[in-house]
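Heavy-atom basis, side chains included; hydrogens, waters and symmetry copies ignored.
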Amino acid sequence: MTDKKEATYSIHQLAIYFLRLGTTGFGGPVALVGYMHKDLVEKRGWITEEEYKQGLALAQLAPGPLAAQLAIYLGFVHHKVAGATIAGIAFVIPSFIMVVLLGMAYKLYDGLVWMQAVFYGVGAAVIGIITNSSYKLTTKSIGKFNLASFKQHWLLWLFYIAAAIITFITQHEQLLLFVGAGLIYMFVKAPPKWFSNKTANTFVLLQIGFWNYEAGTLGKIAIFFAKAGAFVFGSGLAIVPFLHAGVVTENHWLNEQQFVDAVAVAMITPGPVVITVGFIGYLIAGFPGASVAALATFLPCYLFTIIPAPYFKKIAKNQSIKAFVDGITAAVVGALVGSVVVIASRSITDITTAVIAAITITALLVNKKIQEPYVILVAALLGIIIKIVV
């Protein structure tokens, strides 16, 4: 017996809710999915507990930013593709507008002392926030840092450590590494029915320039961000190593400081963290660049949600698919850790920034209720005081 019920709300009400959440929802993916449960399941009763759990499972199972995928799925529950589309757009558009406006201000005032002072403090705090987030992702996706977890999930920890080291050394995203980790873990943990035990054993043994852009650049942006969007599992911050390698190292679209500032912008705006792609796209190629980057990043997320949504109950029970995703997730989180080390090595430039980063990590670990935007605000004020007043 299922507790699925008919819709008690209109698609217009759905749009209004997600517009509000996208405008005021601070705190990152974990907080955002919590808001959805409290508002849509507990308060309004629009979504049943079962429907919410199915949506959360799909959002964790498929590639794509967690909060955005859950919003799309919940829109799909009673209003199908139209509801999924409206919910996704309404959730993302407020923060997209904010990051474009911030991109305009960044380009306009980047040369001013006060703007540089703000991001001096903010950049250090962002390193602390990403470090803390990567720790949370590690414990959530793989396990706690203890002997029991190492023994039980040794293969996932191996993928994790290998991805961290390879990302740090090469400073590139390794898509084949992620896919390979997923395939290996799937064949070892839950091989498909067509894959015989004998074959499996053999396999294991072998294991303000608003419109300033160039047409060619938009094509490159579309391809790169679509690729990045297709490999984000769980948290928007998991996209950081992909973005850093492609935007800074390979294509040289942004320098190191601009990239750290872009991540900071994602922290101080509501909505999905991955919306930083809009800010990055704006710095590369103005508003067209922001639009293409955002669309390319969220399109895979949208498709990976609405296509399997009608069949998800059956898909979710497939142990091979679960194992495949677990393997990929371990490698992606490991890559995030490696990327944090790379970014920190270039962004922590003196004792002051090191202290700010260390204080940020400590504060977030000690007081789990502190929200990132407040940390960013304090860091910005410290930057102004240190660089201008003192």
Side-chain angles (χ1 to χ4, degrees), residues 18 21-23 25-33 35-36 58-60 62-73 87-100 102-103 126 129-130 133-134 136-137 141 173 178 221-222 224-248 253-254 259-284 289-305 328-329 332-333 335-336 339-340 343 372-373 376:
F18 279 108
L21 183 63
T23 304
F26 287 97
V30 176
L32 289 169
V33 299
Y35 295 148
M36 291 182 215
L58 175 58
Q60 291 174 321
L66 181 68
Q69 275 199 299
L70 180 58
I72 292 169
Y73 183 88
I89 292 174
F91 182 52
V92 171
I93 203 68
S95 51
F96 174 74
I97 293 172
M98 292 179 201
V99 297
V100 167
L102 286 169
V126 166
I129 290 172
I130 299 177
S133 295
S134 64
K136 287 182 180 178
L137 276 175
S141 303
E173 80 276 13
F178 302 149
I221 291 174
F224 171 73
F225 282 96
K227 182 175 66 172
F231 281 86
V232 182
F233 280 79
S235 169
L237 283 174
I239 203 174
V240 168
F242 289 95
L243 297 184
H244 182 267
V247 171
V248 178
W253 285 328
L254 302 183
F259 181 79
V260 173
D261 295 344
V263 178
V265 165
M267 300 297 178
I268 62 176
T269 52
V273 174
V274 77
I275 198 60
T276 187
V277 299
F279 183 86
I280 293 173
Y282 187 89
L283 297 189
I284 299 171
S291 301
V292 170
L295 180 62
T297 302
F298 283 98
L299 184 59
C301 157
Y302 173 78
L303 294 176
F304 282 131
T305 303
I328 288 182
T329 302
V332 169
V333 177
L336 175 60
S339 181
V340 170
I343 299 171
E372 284 88 347
I376 295 293

Trace of the side chain to side chain contact (heavy atoms under 4.5 Å, CB included) decision for Val92 with Ile275: CA-CA 8 Å; Val92 171; Ile275 198 60; 3.7 Å; yes
Gap between atom CG of Leu283 and atom CG of Leu254 - 0.5 Å precision: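 Nearest 0.5 Å value for the CG-CG distance: 5.5 Å.
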Euclidean distance, Phe18 CZ relative to Ile72 CD1, rounded to 0.5 Å: 9.5 Å
Side-chain donor/acceptor of Ser95 to backbone N/O of Gly22, under 3.5 Å: no
Closest non-hydrogen atom pair between [X] and [Y], with its separation:
{"X": "Phe91", "Y": "Met36", "result": "CZ-CE, 4.3 Å"}
{"X": "Thr305", "Y": "Leu58", "result": "O-CD2, 3.7 Å"}
{"X": "Ala290", "Y": "Gly278", "result": "CB-O, 3.2 Å"}
{"X": "Ala68", "Y": "Phe298", "result": "CB-CE2, 3.9 Å"}
{"X": "Ala71", "Y": "Ala87", "result": "O-CB, 3.4 Å"}
{"X": "Ala293", "Y": "Gly281", "result": "CB-CA, 4.1 Å"}

Aromatic ring pairing Phe225/Trp253, orientation class (parallel under 30°, perpendicular over 60°, tilted between):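 Parallel, since the angle between the ring planes stays under 30°.
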Candidate pair Thr23 and Met98, rule side chain to side chain contact (heavy atoms under 4.5 Å, CB included), full reasoning: CA-CA 9 Å; Thr23 304; Met98 292 179 201; 4.1 Å; yes
Within-4.5 Å side-chain heavy-atom neighbours: Phe259 and Leu243: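 Touching, per the 4.5 Å side-chain cut-off.
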Heavy-atom side-chain contact between Tyr282 and Leu102 under 4.5 Å: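 SC-SC contact between Tyr282 and Leu102 ruled out.
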